[in-house]
Amino acid sequence: MNLPKRIVFTAPGEAEIQSYTPPQPAPGQLLIQTETSLISPGTERAFFLGLPNTSRSYPLPTGYSNVGTVVAIGPARADAIGADSPPQTWAIGDRVANPGNHAALVAVDQRNCVPVPAGLSTEDAVFYHLLTIALQGIRRARIEVGEPVAILGAGLIGLLAAQCARVNGAAPVITIEPEAKRHPYARQSGADVTIGTLGVELNQRLTEETGPAGPPVVIEATGHPDAVVTAMELVAPGGRVVLLGSTRGETEQVNFYREVHRKGISVIGAHNIARPRYESQPGCWTQADDNQAVMRLLARGRLQVAHLITHRFAWAQALDAYALLKAWDANALGILLDWTTDRAA
């Protein structure tokens, strides 16, 4: 019997393709045969390399953006009444987006799954989870229609945040990214302005685009500790700084009196786990509700992700994908793993 395969981090900077025992769906779970999974560049690279604010616990299965087909359905949960989202009826053969790992077969709680709308491609749908991460940061910013927004970083999360900000009515959407290779992606993702410089020239450009006070909303999407300070320096008095990127390390030499207290700014943590579990609130939706929202936006063409796919690998080439991630190639954004070739078994 050929066992299914999955990607596992075995030590800092080391990954393996391993065989594993096929899972069986527990009560309330779906067993899903993976078609495509999306590498989350920032988070997976951080855990792969054991960067600060990661578990550094190995071996570690990885990945959380998966699209596949339901092949088995577990029995009903005993506590289904009062669950945190409306019940969904599933059938064998349904296409489903889910937070399963990079693996040929995944068993996932039904409440964490979302149907893929008819007509939406698997490659588009697999971006759903990273889109919900970006979208919840935009929601927390409480952007008004016509309000300028500056986004630090044009990695995958920053680019998705730019697109979500535009959908939410931000104008102009300004992307700040020193890597010029990423500017075309930013413009395709809804950025009205791309700025590649820092320091005095950055301040001058922001003044031209937003006025002397600066942007009322700055979204930090790099995860770099120093960028947190930059975000607080750039935001207008009374503005909002949203920490969307998972900061890997500690931010030092912050003058809270000058940058926060006197300016009267709000600093908003926007980690994806800081969501309400049972009921969406204005500016902060549940994961299940945002899952449905991004699928509607993708299906209706309000969000576009195909231009962000930069690399495709068969599952058997996954180690090449992580070598690319380890090198931090600026050209690497949307990295897809195809699990349909020989069904990874």
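The first residue in the sequence is number 1, and the count goes up from there. Reckoned from all heavy atoms, side chains included, excluding hydrogens, waters and symmetry mates.
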Is there a donor-acceptor contact under 3.5 Å from the side chain of Lys263 to the main chain of His261?
no
Once you round to the nearest 0.5 Å, how far does OG1 of Thr34 lie from CZ of Arg6?
12.5 Å
Find out if a path of hydrophobic residues (ILVMFWY) with successive side-chain heavy-atom gaps under 4.5 Å connects Val116 to Leu30.
no
Who else is in the cluster with Met232 when I, L, V, M, F, W and Y are joined by side-chain contacts under 4.5 Å?
Leu152, Ile174, Ile176, Val193, Ile195, Leu198, Leu202, Leu206, Val218, Val228, Val229, Leu234, Val235, Val241, Leu243, Val254, Phe256, Val260, Ile265, Val267
Find the distance between CD (Gln29) and CD1 (Ile73) and round it off to the nearest 0.5 Å.
12.5 Å
If you define the side chain from C-beta out and look only at heavy atoms, does anything of Ile151 sit under 4.5 Å from Val173?
yes
Salt bridge between Arg312 and Glu123, side-chain N to carboxylate O under 4.0 Å?
yes
Is it the case that one hydrophobic cluster holds both Val108 and Val96, taking links as side-chain heavy atoms less than 4.5 Å apart, direct or via other members?
yes
Any pair counted as salt bridge (charged side-chain N to carboxylate O under 4.0 Å, His left out), so long as it reaches residues 230-245, sequence neighbours left out:
Glu147-Arg240
Can you tell me if Glu144 has over 12 outside heavy atoms packed within less than 6.0 Å of its CD?
no
Contacts of Asp290 meeting side chain to side chain donor-acceptor pair (under 3.5 Å) (sequence neighbours excluded), chain-then-number -> Arg139, Arg275
I want to check something: taking the side chain as every heavy atom from C-beta on, are Leu131 and Cys164 in contact at a cut-off of under 4.5 Å?
yes
Taking all non-hydrogen atoms of both residues into account, name the closest pair between Arg77 and Gly28 and its distance.
CG-CA, 3.3 Å
Just jot down the side chain to side chain contact (heavy atoms under 4.5 Å, CB included) partners of Ala314, sequence neighbours excluded, or say none.
Gln317, Thr341
Side chain to side chain donor-acceptor pair (under 3.5 Å) with Thr210: which residues, sequence neighbours excluded?
none
Please confirm whether the backbone N or O of Asn66 pairs with a side-chain atom of Asn98, one donor and one acceptor, at under 3.5 Å?
yes
Is there a path of hydrophobic side-chain contacts, each under 4.5 Å between heavy atoms of I/L/V/M/F/W/Y residues, joining Trp315 to Leu60?
yes
Same cluster (ILVMFWY, side-chain, under 4.5 Å), Ile92 and Leu105:
no
With sequence neighbours excluded, tell me which residues meet side chain to side chain contact (heavy atoms under 4.5 Å, CB included) with Asn53.
Arg248
Please examine the side chains of Cys284 and Pro276, heavy atoms only from C-beta on, and report whether any two atoms are closer than 4.5 Å.
yes
Would you find more than 12 non-hydrogen atoms of other residues, nucleotides or ligands less than 6.0 Å from Arg56 atom CZ?
yes
Nearest 0.5 angstrom please: Ser121 OG to Arg95 CZ, how far?
7.5 Å
Test your reading of the model: is there a side-chain donor-acceptor pair from Ser65 to the backbone of Leu38, 3.5 Å cut-off?
no
Could you give me the CA-CA distance, side-chain angles and deciding distance for His102 and Ile39, then say whether side-chain contact (heavy atoms from CB on, under 4.5 Å) is met?
CA-CA 8 Å; His102 298 303; Ile39 291 177; 3.8 Å; yes
Between Val149 and Ile219, is the side-chain contact (heavy atoms from CB on, under 4.5 Å) condition met? List the steps.
CA-CA 8 Å; Val149 172; Ile219 297 174; 4.0 Å; yes
For a quick test of reading the model, state the closest non-hydrogen atom pair linking Leu3 to Ser19 and the distance between them.
CB-CB, 3.9 Å
Which atoms form the tightest heavy-atom contact between Thr10 and Ala15, and what is the distance?
OG1-N, 4.3 Å
Output every pair passing salt bridge (charged side-chain N to carboxylate O under 4.0 Å, His left out) with a member in residues 188-213, not counting sequence neighbours, ordered by first then second residue.
Arg166-Asp192, Arg205-Glu208
Sorted by chain and number, sequence neighbours left out, ring pair (Phe, Tyr, Trp, His ring centres under 6.0 Å) with Tyr322 holds for Phe9, Phe48
Could you list the donor-acceptor pairs under 3.5 angstrom formed between side-chain atoms of residues 296-308 and any protein atom two or more places apart in sequence or on another chain?
unit_1: Gln304; atom_1: NE2; unit_2: Gly301; atom_2: O; d: 3.0
unit_1: His307; atom_1: NE2; unit_2: Ser189; atom_2: OG; d: 2.9

Contacts of Phe47 meeting ring pair (Phe, Tyr, Trp, His ring centres under 6.0 Å) (sequence neighbours excluded), chain-then-number -> none
Looking only at heavy atoms, which two atoms of Leu325 and Pro41 are closest? And how far apart?
CD1-CA, 3.7 Å
What's in the same ILVMFWY side-chain cluster as Val8, cut-off under 4.5 Å, chained through other members?
none
To the nearest 0.5 Å, tell me how far Cys113 SG sits from Asn291 CG.
9.0 Å
On a heavy-atom basis, which atom in Thr222 and which in Ala227 lie closest, and how many Å separate them?
OG1-CB, 3.4 Å
Is there a side-chain contact (heavy atoms from CB on, under 4.5 Å) between Leu156 and Phe127 once you walk through the steps?
CA-CA 10 Å; Leu156 197 50; Phe127 279 82; 4.1 Å; yes
Between Thr194 and Glu177, is a side-chain contact (heavy atoms from CB on, under 4.5 Å) present by the stated rule, with each step listed?
CA-CA 7 Å; Thr194 54; Glu177 170 58 64; over 6 Å; no
Do you know which two heavy atoms are closest between Ala97 and Met295, and how far apart they sit?
CB-CE, 3.4 Å
Are Ile309 and Trp339 connected in the hydrophobic side-chain network, where two residues link if heavy atoms are under 4.5 Å apart?
no
Hey, does the side chain of Glu259 reach the backbone of Asn255 with a donor-acceptor pair shorter than 3.5 angstrom?
no
Who clusters with Ile273? Use side-chain heavy atoms, under 4.5 angstrom, across I, L, V, M, F, W and Y, and order the result by chain and number.
none
Measure the CG-CZ distance between Asp338 and Phe313 for me, rounded to the nearest 0.5 Å.
12.0 Å
Verify, without hydrogens or angle tests, whether Ser280 (side chain) and Thr286 (backbone) share a donor-acceptor contact under 3.5 angstrom.
yes
Could you grab the distance from atom CG of Leu130 to atom CG of Leu159, nearest 0.5 Å is fine?
11.5 Å
